[in-house]
Amino acid sequence: MGIPIIRTVAELRSIVAVWRRDGLKVAVVPTMGALHEGHLSLVRAALAKADRVIVTLFVNPMQFNSAADLVAYPRTEYDDAVKLAPLGADILYAPDAADVYPQGFATTVSVSAVSEGLCGAFRPGHFDGVATVVTKLFLQTGADLAFFGEKDFQQLHVVRRLVRDLDIPINIVACPTMREEDGLAMSSRNVRLSAEQRLAAPKLPEALSTSAERLSAGAPAELVLAEARQVILAAGYDEVEYLELRADHDLSPLRAADRPARLIVAAWLGGTRLIDNVRVPSSESAVRGFRAATAAA
Ligand code: AMP
């Protein structure tokens with residue numbers, strides 16, 4: 001049997017009301033469709049933790065800062081529904097843009113601090129769009145749990161912050177990045193890569209993991225990141241938008257891996273912008289250096 005596709009919030013609410021009456025735990029997995037194994041891993045994680053799972057499919061115009069990117073974004077609703085059916089997700093909620101943003105829509109949810117820098121610096125308005133639509137989806141579904149990928153690490157922080165700040169009663173669950181066999185992070189945008197670009201693409205995660213090892217061994221971020229940029233460009237990438245070491249728990253910029261950290265990158269390969277990140281375990285020597293510096297200050 002196929003997965004039911006729900007278009008309106010009224011219909012969605014009446015279904016969720018019955019689940020709630022029966023005391024069932026509800027999870028939501030927000031997506032923009034063109035589903036791949038990364039998305040499906042979130043759905044499986046949600047099915048393991050909740051009684052009912054709503055997958056949302058909405059290519060959110062408010063979070064695109066480039067009209068060309070919005071137009072080119074893959075839309076494969078039928079295939080998405082086919083992929084979801086065997087997993088056992090309960091509903092595919094795929095509202096129309098005109099219902100999500102009706103005439104006169106005038107509200108923006110804007111999260112400061114964690115939205116600034118990284119993607120926030122290069123995609124003006126992007127996280128306002130994300131925060132606004134995610135808030136709407138949380139309120140519309142009334143879910144107890146929401147599943148997000150670490151692939152979009154800054155987005156995860158933005159969502160966690162808004163849930164805390166607005167007292168939205170939902171638990172955010174983070175899931176690890178799913179990768180292709182050659183290490184490339186799965187992304188709906190990967191289909192845009194030419195055969196040649198696709199071959200070069202895994203050099204990005206390769207550079208990230210090599211750099212993470214060096215940082216964990218105590219190397220200073222400035223040196224490691226400068227060399228990694230060169231490696232990524234030499235591999236055929238056209239531009240490294242940013243490559244930064246940030247603290248895992250609050251995204252603050254770091255000069256060394258003196259606490260659990262993330263190496264976060266955005267880079268252009270031809271006309272495709274790819275983002276990725278890897279965990280950087282804190283290095284003993286960087287921690288010692290940090291302690292010595294703070295003791296001396
Ligand atoms: P998107 O459809 O790209 O907006 O992504 C929807 C959700 O899937 C977000 O929470 C993403 O972080 C997550 N996601 C996207 N790619 C991956 C991946 N390769 N591994 C795990 N989660 C992912």
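Both counts, for ligands and for their atoms, begin at 1 and track the order of listing.
- The immediate protein surroundings of ligand 1, defined as residues with any heavy atom under 4.0 Å of it, consist of P30, T31, M32, H36, G38, H39, L42, Y73, F148, G149, K151, D152, Q155, P176, T177, M178, M186.
- One finds the CH2 atom of W268 at 15.5 Å from the CD1 atom of I232 (value rounded to the nearest 0.5 Å).
- When atom types are taken as modelled, the side chain of N277 and the backbone of K151 share a donor-acceptor pair closer than 3.5 angstrom.
- A 4.5 Å side-chain heavy-atom check between F147 and V55 finds every atom pair outside the cut-off.
- Two residues are said to be in side-chain contact when any heavy atoms from C-beta on lie closer than 4.5 Å; Q63 and F58 fail this criterion.
- Checking side-chain atoms of D152 against main-chain N and O of D276 turns up no donor-acceptor pair under 3.5 Å.
- The one candidate from R44, K83, R179 that meets the side chain to side chain donor-acceptor pair (under 3.5 Å) condition with E37 is R44.
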